[in-house]
Amino acid sequence: MKFYFPDSQDLVSPSYDFVRDEYPPHRVRQRDDRYAHEVLSQAPYHGILVSKSIVDGSIKGAGKYSSAQRARLYRMGVHRFFRLPPGVETLGDNGAFNYIDEPVPPVTVGETLDFYEECRFDAGVSTDHVIFGYEPGATPKTADPEWVERRKLTLRLAEEFISLTNDRHSRVEPVGAAQGWSPASYADSVRALQRMGYKRIALGGMVPLKTDQILACLAQISTVLVPGTELHLLGITRIDAMDQFAELGVTSFDSTSAFRQAFMDDRKNYHTSDRAYVAIRVPQVDGNPTLKRAILSGTVSQKDALTAEREALRALRAFDGSAASRRACLDALGEYEVVCQSKKSYLKVYDETLEAAPWRRCPCTICREHGVEIAIFRGTERNKRRGFHNLSVLQERMSRLIHRSPGTASRRPAVRT
């Protein structure tokens with residue numbers, strides 16, 4: 001089972017000063033900052049996925065790449081641009097979520113393949129149009145007409161895509177995109193893509209589905225799956241179901257879930273092999289928009305906030321695992337919550353995090369180097385490092401899974417990430 005990490009230009013500065021919360025004065029982001037595979041002892045993924053809409057922009061506006069970054073990606077190619085180590089693969093797609101509201105994709109098959117070839121991807125997903133809906137009993141006659149048309153369009157574009165890759169003798173491996181609204185419609189899409197000649201198929205539109213719904217679709221797909229065809233789940237993690245996914249033909253997936261939970265989730269910020277902990281929130285007085293507005297409005301004293309902020313950070317950095325130092329941290333954090341007039345207190349769950357102090361046992365390069373800083377919810381440098389740490393935990397959990405080869409009853413160890 002291979003894991004691809006979707007790129008969104010997530011890097012960290014190796015020279016960031018955590019005490020002063022400052023970057024080095026002559027920092028150049030693309031040159032100096034580092035990706036997860038450069039700050040961890042080994043890449044926490046088998047490959048990266050890069051969307052055309054992230055690079056080139058889409059109907060919704062500019063992408064996340066500057067014009068200089070975009071030009072460098074095209075000039076250097078995806079492997080050199082990301083400074084990927086040997087063995088880390090690259091997969092391109094269109095980023096269909098960025099044009100989901102459009103009647104048709106605002107990109108042609110030719111433009112899609114041009115992007116993959118010019119950036120020198122190993123593989124690329126055919127142009128598709130996402131179906132966001134699930135009705136397991138709906139047939140092509142009873143399903144939403146828009147869903148039916150989107151599935152037909154996705155298949156037509158897939159046929160054009162593989163034909164164009166063959167005509168060009170492209171080095172990019174074609175991956176067919178399958179859309180559907182039910183187990184039967186997904187299975188029919190996979191059947192059609194196999195007839196076109198696809199050996200790898202990416203299943204899209206499944207992100208909103210529950211695990212049992214995904215399994216129902218995969219079970220139906222498995223009845224038409226040709227030996228040797230590989231399935232990729234777009235945007236899906238569901239680590240607890242990975243063995244079942246593998247038994248039904250899934251060989252790879254991509255997701256930002258573990259990374260984004262570090263700073264987007266209210267509770268599951270710092271992952272370990274058996275549970276997740278709440279990161280300790282110490283917002284920057286000068287960098288937190290909500291806190292800045294409160295100070296400007298006069299509801300929060302800037303002086304008191306700065307003092308409480310410094311005291312909370314001092315207590316956390318002095319934390320030695322003892323009950324007394326844990327109490328000192330909670331007192332300082334409680335005072336900061338009061339000064340900042342926080343609407344919600346996290347002190348109870350902070351106590352759990354501090355009592356466990358999981359960063360003290362974590363073997364990953366990031367936690368060994370930065371310690372408690374990784375457990376502090378504060379600014380992009382700490383938050384993204386915690387996201388990278390979460391990827392290393394996903395890597396470790398994946399390595400302990402035992403997958404069953406599709407179509408067989410024997411079991412074999414999972415490939416280590």
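Just the heavy atoms: all of them, side chains too, but no hydrogens, waters or symmetry mates, feed the values below. These numbers come from a predicted model, not from an experiment.
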For this session: Verify the ring-centre separation between F259 and F388: is it less than 6.0 angstrom?
Result: yes
Exercise. Looking at D17, D32, D33, which one forms a salt bridge (Lys or Arg N to Asp or Glu O under 4.0 Å) with R27?
Worked result: D33
Problem set entry | Side-chain donor-acceptor pair present, D351, Y346, cut-off under 3.5 Å | no
For this session: Would you check if M398 and H46 make a side-chain contact, meaning some heavy-atom pair closer than 4.5 Å?
Result: no
For this session: Please indicate whether R80 has more than 12 foreign heavy atoms, meaning atoms of other residues, nucleotides or ligands, lying under 6.0 Å from its CZ.
Result: no
Exercise. Do we see a donor-acceptor contact under 3.5 Å between the side chains of Y4 and E89?
Worked result: yes
For this session: Mind telling me whether F132 and F97 have parallel, tilted or perpendicular rings, with 30° and 60° as the class edges?
Result: tilted
Exercise. Quick check: are there more than 12 heavy atoms from other residues, nucleotides or ligands sitting under 6.0 Å from NZ of K348?
Worked result: no
Exercise. Hey, is the main chain of H370 close enough, under 3.5 Å, to the side chain of E373 for a donor-acceptor pair?
Worked result: no
Exercise. To the nearest 0.5 Å, how far apart are OG1 in T365 and CD in E369?
Worked result: 8.5 Å
For this session: Give me the one residue out of I54, D7, V55, D10 that meets side-chain contact (heavy atoms from CB on, under 4.5 Å) with K64.
Result: I54
Problem set entry | F253 and H232 aromatic centres sub-6.0 Å | no
Exercise. Would V88 and F82 satisfy side chain to side chain contact (heavy atoms under 4.5 Å, CB included), going step by step from the backbone distance to the final call?
Worked result: CA-CA 10 Å; V88 176; F82 285 97; over 6 Å; no
Exercise. Should E309 and Q284 be marked as a side chain to side chain contact (heavy atoms under 4.5 Å, CB included) after you check the CA-CA gap, both sets of side-chain angles, and the distance that decides it?
Worked result: CA-CA 7 Å; E309 175 192 26; Q284 295 168 278; 4.2 Å; yes
Problem set entry | Pair S170-E117, side-chain donor/acceptor within less than 3.5 Å | yes
For this session: Let me see the working for F161 and Y198 under ring-ring contact (aromatic ring centres under 6.0 Å, His included), right down to the final yes or no.
Result: CA-CA 10 Å; F161 183 76; Y198 283 100; 7.0 Å; no
For this session: Tell me, yes or no, whether the heavy-atom count around K384 atom NZ, taken from other residues, nucleotides or ligands under 6.0 Å, exceeds 12.
Result: yes
For this session: State yes or no: are the ring centers of H129 and Y99 separated by less than 6.0 Å?
Result: yes
Exercise. Should the heavy atoms of other residues, nucleotides or ligands under 6.0 Å from CZ of R361 be counted, would the total exceed 12?
Worked result: yes
For this session: Return yes when atom CZ of R191 has more than 12 non-hydrogen atoms of other residues, nucleotides or ligands closer than 6.0 Å, and no otherwise.
Result: yes
For this session: Can you spot which of L49, L84, V50 makes a side-chain contact (heavy atoms from CB on, under 4.5 Å) with T90?
Result: L84
For this session: Using a 4.5 Å cut-off on heavy atoms from C-beta on, say whether the side chain of Y134 contacts that of P183.
Result: yes
Exercise. Under 3.5 Å, is there a donor-acceptor pair between the Q179 and T154 side chains?
Worked result: no
